[in-house]
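As structure tokens, the structure follows; a few thoughts come after it.
Numbering of ligands and ligand atoms starts at 1, following listing order.
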Amino acid sequence: MMAKEKKLVEEITAMEDDFAQWYTDVVRKADLVDYSSVRGSMIIRPYGYAIWEHIQKELDRQIKETGHENVYLPLFIPESLLQKEKDHIEGFAPEVAWVTHGGEEKLAERLCVRPTSEVLFCEHYANIIHSYRDLPKLYNQWGNVVRWEKTTRPFLRSLEFLWQEGHTCHATDEEAGEETRRMLEVYADVCEEHLAVPVLRGRKTDKEKFAGAKFTLTIESLMHDGKALQTGTSHHLGSGFAEAFGIQYTDKQGKLQHVHQTSWGITTRLIGALIMVHGDNRGLVLPPKIAPVQVMVIPIAQHKEGVLDKAHELKDRLNRKARAGIDESDKSPGWKFSEHEMKGVPLRIEIGPKDIEKKQAVAVRRDSGEKIVLSLEELETHIPFLLEDIQKSLLQKAKAHCQEKTNIARTMDEFKQVLESNPGFIKAMWCGERQCEDQIKEETGATSRCMPFEQEEISKTCVCCGKEAEQLVYWAKAY
Ligand SMILES: [Zn+2]
């Protein structure tokens, strides 16, 4: 058994040796996805899907709490409709998948498989919005979209992914702006309070903003390897789409006005963030709030009389306070420990004949490995505290990691040196010129992640050209 147990752990590459391979190993060994026969498409396995459902459940609750309704729009977009907003089609054209035939018959107009649904919502809104009484319209859609990506990785970049996309219409530009910020805060809350993934809030530069938007707000997170991941975006669309699609309403004075719109989305990428923020060389580490199983009861010497009964009793009791499971398979306890560590189960409870005798059980934390002996009586009262503590510790640890990997650069030499020695976020001043943004990317591989809401003046001059600086920008290599 020992050799086999060792093997289960050995099959993960150490993250220090090859982070990309470590990620792939965790995704497969924790049984989150399987590959399909179409390159870049993934099968989300039950365990991976259960994580998504927990994220979805919390986000959906908050989306509804902020006044939005769920709808569902079609998967296909006629080419002529997609082309109505010029910037939008230019932004998405390179990664659109087209349907040209229905059965044997060639279609009169080809249909695109939605890469995002702005134009579909716009067409619909033009039909249903007429008066100021129809506003605001606050719709959200849970669905899938397709983007024909060249290089793909499970959860991070795949041809098809799951997401939600909010699409709203407002009477004024100001209201749309408030909505854009409100939904960014909802995303930030889900990430920090539920996924224990700290986020940096800010605004995208014009280069990085959504195709067709007035501006894009973003939350960015730092992964364990020092690369950034865009965890959610919220776009103020202004009235550009409304003008292109004729979405107008009669205001209180009887005057015809264009609506002001927003759109916002988060995707199954968040699962990639979870893996890369919390995971370690033993596998996945899940924050309790979104873990499919929060506590796994593992009987020790389960063939002995009374052990399995006791283990079941504990599981049933724990189920009243947490999502508890029991592993009564015939694998050895050591094997089970490794397996549930791999799957990131926040807590395991070991119970064997000696524990029963002493009226106790041993709880082991996935995040720290700490062993805690608990009396059986106090089990239900202690477990929720432990889970809460794990949740908090994970956020704190991730915040500390992010801070450690956030550096300042005042010159390009400093920029390159820091990116090499301690990759992560780099705070540097920027003049606002696209040319400098391009040059930084070309020379260093880092892109502008956002202009943070909390601005600081690190220096007076642009890190790239030396001219007067306009903004502090966070830069990083990104997924
Ligand atoms: Zn510059």
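- Listed by chain and number, the protein N, O or S atoms at a distance under 2.8 Å from the Zn ion (ligand 1) are C431 SG, C436 SG, C462 SG, C465 SG.
- For the residue pair T447/E208, the side-chain donor-acceptor check at 3.5 Å is not satisfied.
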For this session: For H236 and F215, run ring-ring contact (aromatic ring centres under 6.0 Å, His included): C-alpha distance rounded to whole Å, both residues' side-chain angles, the deciding distance at 0.1 Å, then the answer.
Result: CA-CA 5 Å; H236 189 321; F215 64 77; 5.1 Å; yes
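- Looking at R348 and E341, a side-chain N of the basic residue comes within less than 4.0 Å of a carboxylate O on the acidic one, giving a salt bridge.
- Salt-bridge check for E437 with R434: failed, with every basic side-chain N at 4.0 Å or more from each acidic carboxylate O.
- Under a 4.0 Å N-O distance rule, the pair R365/D367 qualifies as a salt bridge.
- The aromatic rings of F210 and H235 lie parallel to each other, with less than 30° between the two planes, well short of the 60° mark.
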